[in-house]
Trainee: 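After the structure tokens below, expect a handful of questions from me.
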Amino acid sequence: MSKSKKNKLRGLLLGAGFVAIAAFIFTGCPSQQGMMDRGDAAQKVYVAPGDHDEYYGFFSGGYSGQLSVWGLPSARFLKVIPVFSQDPETGYGYSEETKPLLQTSYGFIPWDDSHHPHISQTDGDADGRWIFINGNNTPRIARIDLQTFETKEILELPNTGGNHASSFVTSNTEYVIGATRFSIPYEMDLDVPIDSYSDEFRGALSFIEVDPESGRMEMDFQILVPPYNYDLGRAGKGQSSDWVFFTTYNTEEAHTMLEINASRNDKDYIAAVNWKRAAELVREGRGTTMDAYYYHNYYEGNQGIAINDVKDQVTVLTPEDGQDFIYFLPTPKSPHGVDIDPTGEYIVAGGKLATVIPVHSFSRMLEAIENRDFDGNVENIPILNYDTTIAGEVQDPGLGPLHTEFDSRGYAYTSVYISSEIVKWSLDTFEVVDRIDAYYSIGHLMITGGDTKNPDDLYLVGLTKTAKDRYLPTGPKQNHPAQLYDISGDRMELLLDFPTIGEPHYAQAIRADKISGNVAQIYEIEDNDHPYAIDRINQNRVERDGDVVRVYMGSTRSHFRPDNIEGIKVGDTVYFHLTNLEQEWDVVHGIAIKGANNSEILVAPGQTKTMKWEPKRTGIYPFYCTAFCSALHQEMQGYVRVSAADSDVELTWKTGTN
């Protein structure tokens, strides 16, 4: 592998000095600078009872595998949307309708590590139709419908290790991107020595096409790249909207003790990919079809049981001389985040081990490409000259800059992990103009309406990694904090500090009026196309086919029909297909039965959900509604009689005189 590099980095964090400084800061405690007067802060975040927040905030759950929804600025918790993990509160991942969503080429996986939500866009602005989020562990991307706030689709990424640089969308949601964080042998299931890393391991950049009407995802192509760690990605905007950008670290190609062995090079790279050109090459037949094995799980129709579509091929594009679609921008040092300003001109990296924030220029990048101002290549990927593409370096940003977001007034805001702060700097002068403490060890941050062409200038949320003394203690582990800042003035001011759910890595916030008017209140009974639904209460029945019994059950306030069932036998597999026949907003019913080894299920108005039950013992089994639905909720119950496997008890059902 040929490489030609020049060490031009200005200001690196080196060796013991870095460790000593980091140790001092980790044990220090930031000041209360930037804290607004308590009365003023409370007034700014106060939303009166019955009033609504200005923004929806969508926070990733990290190791919870879910996506949480918050109202901003009040920080009212609104909902957890189950995505990659089973959720016993709703029955997600337990009901027969949702279990197929969690199927993968490795079997049923009831958990993942969700990192980066991203709202669909039209012309570079969030449109509020869908939100995508990545699963980092078993590489996947999910799509959530923001009419129902439910996961509708999950696509597994083949031949990928750790889908971290995801799930960011292009300016018109043509594509959602993914990438290998942990390079692995690209050839499917290849068994080779780990020491063959440089020869046998490779990364993959994934480009998933999105249907503009339905939102349905399809794996379009992957780009085969050197075996680095592809950490984060962003799509360009405006003039750079045909491009996407990925950070890389571990250009040393280390496979053990990465904290040392992957931190040796002065610079790593940002990979700049002209996705439109790459797609054209694929259409021209320049890609190669390779074996793959991955699941595409989705719903068809309005309701029903999720479908598993198993795929066995993927189109792969390998960089070759003259194709001109991918380039490396040298970037100091071990870059984590890559972020694009609203104009699409500036490409900002966050080098975890750098003392500067490097700011690349898109126009200068294009000029360097046109002039072939290259500093060598890696596997046919040209390396652009650092001094040619760099527009400036932000000096004294703090220790450990990670992620940057932008307002509409020409300022950038960068999270700084080790020194636990946010720095505000000018896109005109590249000078720091303000800084404020974060509590503690900040990772991502987000601006309301951010990562679009037209961000808002109201609030910033910092997502920090340790709470320590910020809240009442709850044992050795505290929930991860978030801080809400006012950025409407010249100085950042801390308004609110609140605990979150899971470990939010990234978040997005969108004006509430872009979503709230389109949110469904019920599922229309006449549109219920579930194969086991009933649309009238008198259609309730129980049917046997061998040892499979299907209960077609309806629920209204405050009873089930049927509510007395006999003739079930030990060894039967019983499916309770419960249709909530209510047509009033937020009148939810649930069902649970004694001895069930999954969970209860919640059923929204007009919806049908299925609980599977396999009785192991004879006896009388009560079932009941788990959602308080009326004054007579306690009376909403029933019984199932289970008899011996060889009994001749007739299958019967009834409700009252039915």
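The first residue of the sequence shown is numbered 1, and numbering continues consecutively from there.
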Trainee: If I compare all heavy atoms of Pro100 with all of Ile305, which pair ends up nearest, and what's the gap?
Mentor: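 In terms of heavy atoms, the two residues are closest at CG-CG2, 4.1 Å.
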
Trainee: Below 6.0 angstrom between ring centroids: does that apply to Phe221 and Phe207?
Mentor: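 Phe221 vs Phe207: aromatic centres under 6.0 Å.
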
Trainee: Is Lys311 close enough and on-axis enough to Tyr294, meaning under 6.0 Å and within 45°, for cation-pi?
Mentor: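 Relative to the ring axis of Tyr294, which defines the angle, Lys311 lies outside at least one limit.
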
Trainee: With Asp145, which residues qualify under salt bridge (Lys or Arg N to Asp or Glu O under 4.0 Å), at least two apart?
Mentor: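 If we apply the salt bridge (Lys or Arg N to Asp or Glu O under 4.0 Å) test to Asp145, skipping adjacent residues, there are no hits.
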
Trainee: Can you name the one residue among Arg550, His530, Lys609, Glu97 that meets side-chain hydrogen bond (donor to acceptor under 3.5 Å, both in side chains) with His577?
Mentor: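 Among Arg550, His530, Lys609, Glu97, the one that satisfies the side-chain hydrogen bond (donor to acceptor under 3.5 Å, both in side chains) with His577 is Arg550.
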
Trainee: Might you work through the salt bridge (charged side-chain N to carboxylate O under 4.0 Å, His left out) test for Arg557 and Glu584, ending with a clear yes or no?
Mentor: CA-CA 11 Å; Arg557 287 167 286 183; Glu584 182 180 341; 3.1 Å; yes

Trainee: So, using side-chain hydrogen bond (donor to acceptor under 3.5 Å, both in side chains) as the criterion, who are the partners of Ser555 when residues are at least two apart?
Mentor: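 Counting only residues at least two positions away or on another chain, Ser555 forms no side-chain hydrogen bond (donor to acceptor under 3.5 Å, both in side chains).
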
Trainee: Quick one: pull up CD1 in Ile515 and CZ in Arg129 and give me the separation to the nearest 0.5 Å.
Mentor: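 Reported to 0.5 Å precision, the distance equals 12.0 Å.
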
Trainee: Does NZ or CZ of Arg216 lie under 6.0 Å from the centre of the six-membered ring of Tyr298, at an angle within 45° of the ring axis?
Mentor: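 Yes, Arg216 and Tyr298 form such a contact.
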
Trainee: Working to the nearest 0.5 Å, report the span between OH of Tyr106 and CG of Asn137.
Mentor: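 The distance works out to 10.0 Å.
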
Trainee: Step by step, work out the side-chain contact (heavy atoms from CB on, under 4.5 Å) result for Arg541 and Ile534.
Mentor: CA-CA 10 Å; Arg541 61 195 186 276; Ile534 62 175; 4.0 Å; yes

Trainee: Under 6.0 Å between ring centres: does that hold for His116 and His164?
Mentor: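 Close enough - the centres of the two rings lie under 6.0 Å apart.
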
Trainee: Would Phe623 and Phe560 count as a close aromatic pair, with their ring centres under 6.0 Å?
Mentor: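 Under 6.0 Å, so yes.
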
Trainee: What class does the angle between the rings of Tyr56 and Phe58 fall in, given that below 30° is parallel, 30 to 60° is tilted and above 60° is perpendicular?
Mentor: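 The rings of Tyr56 and Phe58 lie parallel, inter-plane angle below 30°.
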
Trainee: Taking the six-membered ring where the residue is Trp, are the ring centres of Phe132 and His118 under 6.0 Å apart?
Mentor: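 Not close enough - the centres of the two rings lie 6.0 Å or further apart.
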
Trainee: Shortest non-hydrogen contact from Leu602 to Glu600?
Mentor: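 For Leu602 versus Glu600, the nearest heavy atoms are CD2-OE1, 3.5 Å.
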
Trainee: Decide if the gap between the ring center of Trp613 and the ring center of Tyr575 is smaller than 6.0 angstrom.
Mentor: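 Ring centres of Tyr575 and Trp613 not closer than 6.0 Å.
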
Trainee: Less than 4.0 angstrom from a charged side-chain N to a carboxylate O is my criterion; do Arg544 and Asp572 meet it?
Mentor: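 Salt bridge: yes.
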
Trainee: So which heavy atom on Thr626 is nearest to which on His633, and how close?
Mentor: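 For Thr626 versus His633, the nearest heavy atoms are C-CE1, 4.2 Å.
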
Trainee: May I ask you to establish whether Arg140 and Phe84 are in a cation-pi arrangement, using a distance under 6.0 Å from NZ or CZ to the six-membered ring centre and at most 45° from the ring axis?
Mentor: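 No cation-pi geometry.
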
Trainee: With Asp51, which residues qualify under side-chain contact (heavy atoms from CB on, under 4.5 Å), at least two apart?
Mentor: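 With sequence neighbours excluded, Asp51 shows a side-chain contact (heavy atoms from CB on, under 4.5 Å) to Val47, Ala48, given in chain and number order.
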
Trainee: Please test Lys465 against Glu503 for salt bridge (charged side-chain N to carboxylate O under 4.0 Å, His left out), starting from the C-alpha separation and ending with a verdict.
Mentor: CA-CA 8 Å; Lys465 298 303 181 185; Glu503 183 190 5; 3.2 Å; yes

Trainee: Between Asn479 and Pro499, what is the shortest heavy-atom contact and its length?
Mentor: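 Here Asn479 and Pro499 meet closest at CB-CB, 4.2 Å.
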
Trainee: Looking at the rings of His444 and His403, which for Trp means the six-membered one, are their centres under 6.0 Å apart?
Mentor: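 Here the rings of His403 and His444 have centres that are less than 6.0 Å from each other.
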
Trainee: Measure across Val587 and Asn580 and return the closest heavy-atom pair with its distance rounded to 0.1 Å.
Mentor: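 Heavy-atom minimum between the residues: O-ND2, 3.0 Å.
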
Trainee: Starting from the C-alpha separation in whole Å, work towards a yes-or-no answer on salt bridge (charged side-chain N to carboxylate O under 4.0 Å, His left out) for Asp451 and Arg234.
Mentor: CA-CA 9 Å; Asp451 196 34; Arg234 288 285 190 183; 2.6 Å; yes

